[in-house]
There are 2 protein chains.
Amino acid sequence: MNTYQRMVLASRPSGEVQASDFRLETADVPAIADGQILIRNHYLSLDPYMRGRMSDAKSYAEPQPLDATMIGGTVGQVVESKHPKFAAGDFVAGMFGWSEIGVSDGALLRKLDTTHIPLSAYLGPVGMPGMTAWFGFNQIMQAKAGETVVVSAASGAVGSVVGQLAKLRGCRAVGIAGGKDKCDYVVNELGFDACIDYKAGNLEGDLAAATPDGVDAIFENVGGAVFDAALARTNAFARVALCGMIAGYNGEDVPIRNARVLLTNRLTVRGFIVSEHMELWPQGLTELGGLVATGKLKYRESIADGLAAAPEAFMGLLKGKNFGKQLVKLI
Amino acid sequence: MNTYQRMVLASRPSGEVQASDFRLETADVPAIADGQILIRNHYLSLDPYMRGRMSDAKSYAEPQPLDATMIGGTVGQVVESKHPKFAAGDFVAGMFGWSEIGVSDGALLRKLDTTHIPLSAYLGPVGMPGMTAWFGFNQIMQAKAGETVVVSAASGAVGSVVGQLAKLRGCRAVGIAGGKDKCDYVVNELGFDACIDYKAGNLEGDLAAATPDGVDAIFENVGGAVFDAALARTNAFARVALCGMIAGYNGEDVPIRNARVLLTNRLTVRGFIVSEHMELWPQGLTELGGLVATGKLKYRESIADGLAAAPEAFMGLLKGKNFGKQLVKLI
């Protein structure tokens, strides 16, 4: 392998992301220096946060530079190492972006044990999405047994973990997802108590019926009408982990119309970015890894084949076309 | 005094409150039983929360019943006591509503020391409005010296205290108020660093100029465009004490349009009702009383004369026509 492929940001989208916003490039595999590691990426993770980075609006992170490799989390295998702590054959997680290879000095490289946990799971329930769920659930929602929890994008990489953690805690877990298939999966496979199909046209009524005792905690991935419907069901002192507003990722406003409820129900709403809480990752990933290894935490993947398929998979993710964690297989 | 006057809720307002929503009644002063206290109210407090109680929409409190005395906080003097802990002549605070007299069993009656603190101040900076400011500032905003704090309705009974507490802590305090007179008062008398006149037509630009280092904490009394403008200036991890949404008290929606900022800036927004935190009142009122007695906490009152003037004063309060704490003098 003397060359590899990578996907760069060709232009910033105005509105919906287009395939033409990306450009596939071929580059020479670099020679590594002393202290470096060369990694062949096996899977790339596609995540909604990437849409934010494609814009240059003020946000918590610097925008993705134009003509540079799109950022992203990856798992792969060391092919060559001049670093004492890594050896060829090691499985590792890194942030090597939309690229078939990565070069690391080891600083942010994490060695992975694939004995009981599949490699790709380290991009899902035992990776950033899992930690996002774990942090929001434990640090913000703080739901107790018997309380009712609502999770939007419930079949997704993050939402699916939130609801299963809630069930393990003894909560009533109610999901919101788009379409009957996803809702069936959320209830029958993941074990949520109920799942509302927001595409069925009766979001508020269906959610009210599924939350007879009101809502004590919300994990919000979507924003807009879905969030407003959940807010309308809150009990006093409910907690909201605000993780994403995918409804507005194409630049639309996503107002909170039910803002009055924040006051009348004395809610606490907290926006968060899990990468700012790295000190909790060892504890969280240990718990999540244990749950995956023992089959107590289920997950599902949508796998696109090859880097050339990544833009279309990403555009589908933003429209909810994926079903489970969206990955790109690179090998 | 054999009869007294009281104001009852005659009808629930649809939209703006009308004078015809109230009815003044004359009633016989009741004879008190053993263990009871008869109080002549001197001042009635008018507060925005009363607008919420006039509606029967779901809220944190039961609606005000029709044909019953409007609720409200009062200060006055004991005229007759058959209770061992109170004597004629004692100054007291209670919740006797829009009424010239009150009868108490002593349970929620608080004796007041007017040696260094004027009686009416116990309805303002040393009463519920002061405690609302104190709680929001200390428990939610948790602003440190050097941070920038934004306070809406800054010349009002609550906002004026928030900003002065912020200055005492060493923060930069920026108010938002309606009109040049109020803004001049907020800066020149209360000592805020700046005050933005939202009626001047350049809210966002003026607020940006007054918060060159961004905003670390918001005390929100208004909602709507004023809140959105403050959200747009937040720094990462800013805290929002959500106290009121007077912009929507006539039933209008008050959406948060800048909802995305909650996520991108990882804000914590907490709605609260100070009466649910009574355990902190002794500490808070002691601090606030000391600041008023020593002249470190300034306040201003708008005083309507007589119960018959209360509806008009209340309607003015909802439109921001008052200037400082709105009271009704009852004697």
Side-chain angles (χ1 to χ4, degrees), chain A residues 48-49 52-53 55 57-61 135-136 139-140 214 220-225 227-228 231-277, chain B residues 48-49 52-53 55 57-61 135-136 139-140 214 220-225 227-228 231-277:
Chain A
Y49 76 84
R53 304 293 179 91
S55 301
K58 180 172 179 275
S59 184
Y60 54 88
F135 182 88
Q139 300 289 311
I140 300 176
E220 188 53 51
N221 285 307
V222 174
F227 189 22
D228 278 328
L231 286 173
R233 294 297 302 159
T234 48
N235 293 322
F237 309 112
R239 292 80 59 193
V240 179
L242 188 59
C243 173
M245 288 197 159
I246 201 167
Y249 273 5
N250 285 325
E252 313 91 309
D253 253 357
V254 275
I256 301 175
R257 297 193 188 283
N258 253 338
R260 195 191 312 265
V261 169
L262 272 54
L263 179 61
T264 54
N265 288 351
R266 291 85 85 206
L267 306 188
T268 298
V269 180
R270 185 173 160 200
F272 73 104
I273 306 291
V274 73
S275 56
E276 292 177 334
H277 306 278
Chain B
Y49 76 83
R53 304 293 179 90
S55 301
K58 180 172 179 277
S59 183
Y60 54 87
F135 181 89
Q139 300 289 310
I140 300 176
E220 187 52 52
N221 286 306
V222 175
F227 189 24
D228 279 329
L231 287 173
R233 294 297 301 158
T234 48
N235 293 322
F237 309 113
R239 293 79 59 194
V240 179
L242 188 59
C243 172
M245 289 197 158
I246 200 169
Y249 273 5
N250 286 324
E252 315 90 310
D253 253 357
V254 276
I256 300 175
R257 296 194 189 283
N258 253 339
R260 193 190 314 263
V261 170
L262 272 55
L263 179 62
T264 54
N265 288 352
R266 292 85 86 207
L267 305 189
T268 298
V269 180
R270 184 174 161 201
F272 73 104
I273 306 292
V274 74
S275 57
E276 291 177 335
H277 306 278

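Letters A, B, ... mirror the listed sequences (proteins, then strands); counts begin at 1.
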Fill in: Side chain to side chain, Thr268(B) and Val269(A), heavy atoms closer than 4.5 Å
no
Practice prompt. Going by the side chain to side chain contact (heavy atoms under 4.5 Å, CB included) test, name the single residue among Met245(A), Arg270(A), Glu220(A) that passes it with Leu263(B).
Written response: Met245(A)
Worksheet item: Can you check whether Ile256(B) reaches Leu262(A) side chain to side chain, under 4.5 Å on heavy atoms?
Response: yes
Worksheet entry | Part of Phe237(B) lying under 4.5 Å from any heavy atom of chain A | side chain
Worksheet item: Between Glu276(A) and chain B, which part of the residue has a heavy atom less than 4.5 Å away: side chain, backbone, both or neither?
Response: side chain
Item to complete: Let me know if Leu267(B) has heavy atoms under 4.5 Å from chain A in its side chain, its backbone, both or neither.
Response: backbone
